[in-house]
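Please read these numbers as outputs of a predicted model, since none were measured by experiment.
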Amino acid sequence: MTWFRRGREPDHEGPAPSPLQDDDSPATLRQRLFDLNRYINANAGKLPVGSVVTARQVTDTLREVIDTSDVRPLDIYAVVSVKGILNDYLPTTLQRFLALDPNILEVPRPSGRTPAESLHEQIDSLWDAAANVLEAAKAQDADALLTQGNFLRTKFAGSDLDL
């Protein structure tokens, strides 16, 4: 029932899920990434500047992970991690911050941190996670290169068994 939503701004709802959200293809992941970047940009004026920058660093890192699929298919663990950050962790973090009363964003909570500080800390954690996924994806590429090199060396450089 849409009449319950009349008082809400559409920007707070987050990027709309893609109809092919269950599709793990790089094209679908790139589209979801594009949607999330649009959402971040649309709300940049309502988010702390540092958090906007870090959120875009997260999405840039995820783009690099997705781009490794140009060389080899994405590992299932990379897909699960990328989808988790794109479809849930980052948008949910941003949506929850945007839903807060603007008067409390700089007021310390019982933890001693303000909501703005907590937001930045959470997005930093997501950036670390995305960087770890990228490192693993690149390591997988490096491992594949070493394996290919070993294969070529064995195939084309005479065998130790040759007389």
Side-chain angles (χ1 to χ4, degrees), residues 1-71 74-142:
M1 299 180 123
T2 59
W3 57 276
F4 283 116
R5 298 179 188 216
R6 286 190 180 160
R8 296 179 64 186
E9 293 181 34
D11 287 344
H12 288 245
E13 294 178 10
S18 165
L20 301 174
Q21 191 164 340
D22 290 336
D23 185 3
D24 295 342
S25 72
T28 299
L29 295 174
R30 283 184 180 103
Q31 180 59 50
R32 183 67 181 144
L33 185 67
F34 176 78
D35 294 342
L36 184 54
N37 278 332
R38 282 187 33 208
Y39 178 72
I40 293 167
N41 292 342
N43 288 287
K46 301 171 196 154
L47 296 165
V49 173
S51 294
V52 172
V53 170
T54 306
R56 288 305 305 267
Q57 289 170 321
V58 171
T59 60
D60 289 348
T61 304
L62 293 176
R63 182 190 40 77
E64 288 184 63
V65 172
I66 296 167
D67 287 349
T68 65
S69 69
D70 294 342
V71 176
L74 288 174
D75 178 83
I76 186 64
Y77 300 108
V79 171
V80 168
S81 297
V82 168
K83 284 180 72 174
I85 294 171
L86 283 178
N87 296 333
D88 185 15
Y89 309 134
L90 185 54
T92 299
T93 300
L94 297 172
Q95 289 164 17
R96 289 195 176 149
F97 180 84
L98 291 167
L100 294 174
D101 179 353
N103 295 322
I104 68 163
L105 299 181
E106 297 299 330
V107 177
R109 306 305 300 159
S111 67
R113 291 185 306 273
T114 66
E117 291 168 338
S118 293
L119 173 69
H120 192 72
E121 181 180 302
Q122 291 171 27
I123 296 174
D124 264 348
S125 294
L126 290 173
W127 189 21
D128 287 342
N132 289 337
V133 173
L134 178 59
E135 185 178 317
K138 286 183 176 180
Q140 183 184 24
D141 289 345

How long is the gap from [atom1] on [X] to [atom2] on [Y], to the nearest 0.5 Å?
{"X": "Leu119", "Y": "Leu47", "atom1": "CG", "atom2": "CG", "answer": "6.5 Å"}
{"X": "Asp88", "Y": "Gln95", "atom1": "CG", "atom2": "CD", "answer": "9.0 Å"}
{"X": "Tyr89", "Y": "Leu126", "atom1": "OH", "atom2": "CG", "answer": "9.0 Å"}
{"X": "Arg32", "Y": "Lys83", "atom1": "CZ", "atom2": "NZ", "answer": "10.5 Å"}
{"X": "Asp75", "Y": "Ser69", "atom1": "CG", "atom2": "OG", "answer": "12.5 Å"}
{"X": "Leu94", "Y": "Ile123", "atom1": "CG", "atom2": "CD1", "answer": "5.0 Å"}

Legend entry - Results of side-chain contact (heavy atoms from CB on, under 4.5 Å) for Asp128 - residues two or more places apart only: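 Scan of Asp128 (side-chain contact (heavy atoms from CB on, under 4.5 Å), adjacent residues dropped) gives none.
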Legend entry - side-chain contact (heavy atoms from CB on, under 4.5 Å) partners of Arg56, counting only residues at least two apart: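 Asn37, Ile40, Asn41, Thr59, Asp60.
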Inset, instruction - Considering non-hydrogen atoms only, spot the tightest contact between Leu100 and Pro115 and give its length. - result: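 Heavy atoms only, the tightest pair is CD1-CB, 3.6 Å.
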Inset, instruction - Indicate the atoms forming the closest heavy-atom contact of Pro26 with Ile66, along with that distance. - result: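 Closest approach of Pro26 to Ile66: O-CG2, 3.9 Å.
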Inset, instruction - With the side chain counted from C-beta on, respond yes when Asn43 and Tyr39 share a heavy-atom pair under 4.5 Å apart, and no when they do not. - result: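 Side-chain contact under 4.5 Å: yes.
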Inset, instruction - Would you indicate whether the side-chain heavy atoms of Leu105 and Thr114 approach each other to under 4.5 Å? - result: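 When only atoms from C-beta onward are counted, Leu105 and Thr114 do not touch, as no gap falls below 4.5 Å.
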Inset, instruction - Please list all pairs passing the salt bridge (Lys or Arg N to Asp or Glu O under 4.0 Å) test where one or both residues lie in residues 90-117, with sequence neighbours left out. - result: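 Only Arg113-Glu121 qualify under salt bridge (Lys or Arg N to Asp or Glu O under 4.0 Å).
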Legend entry - Expected output: side-chain Thr61 to main-chain Gln57 donor-acceptor under 3.5 Å: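 Confirmed, Thr61 side chain pairs with Gln57 backbone.
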Inset, instruction - Using modelled atom types only, decide if a donor and an acceptor are shared between the side chain of Thr68 and the backbone of Val65 within a distance under 3.5 Å. - result: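 Yes; at least one donor-acceptor contact below 3.5 Å.
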Inset, instruction - Going by the side-chain contact (heavy atoms from CB on, under 4.5 Å) test, name the single residue among Leu33, Val58, Leu29 that passes it with Arg63. - result: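 Exactly one candidate clears the test, Leu33.
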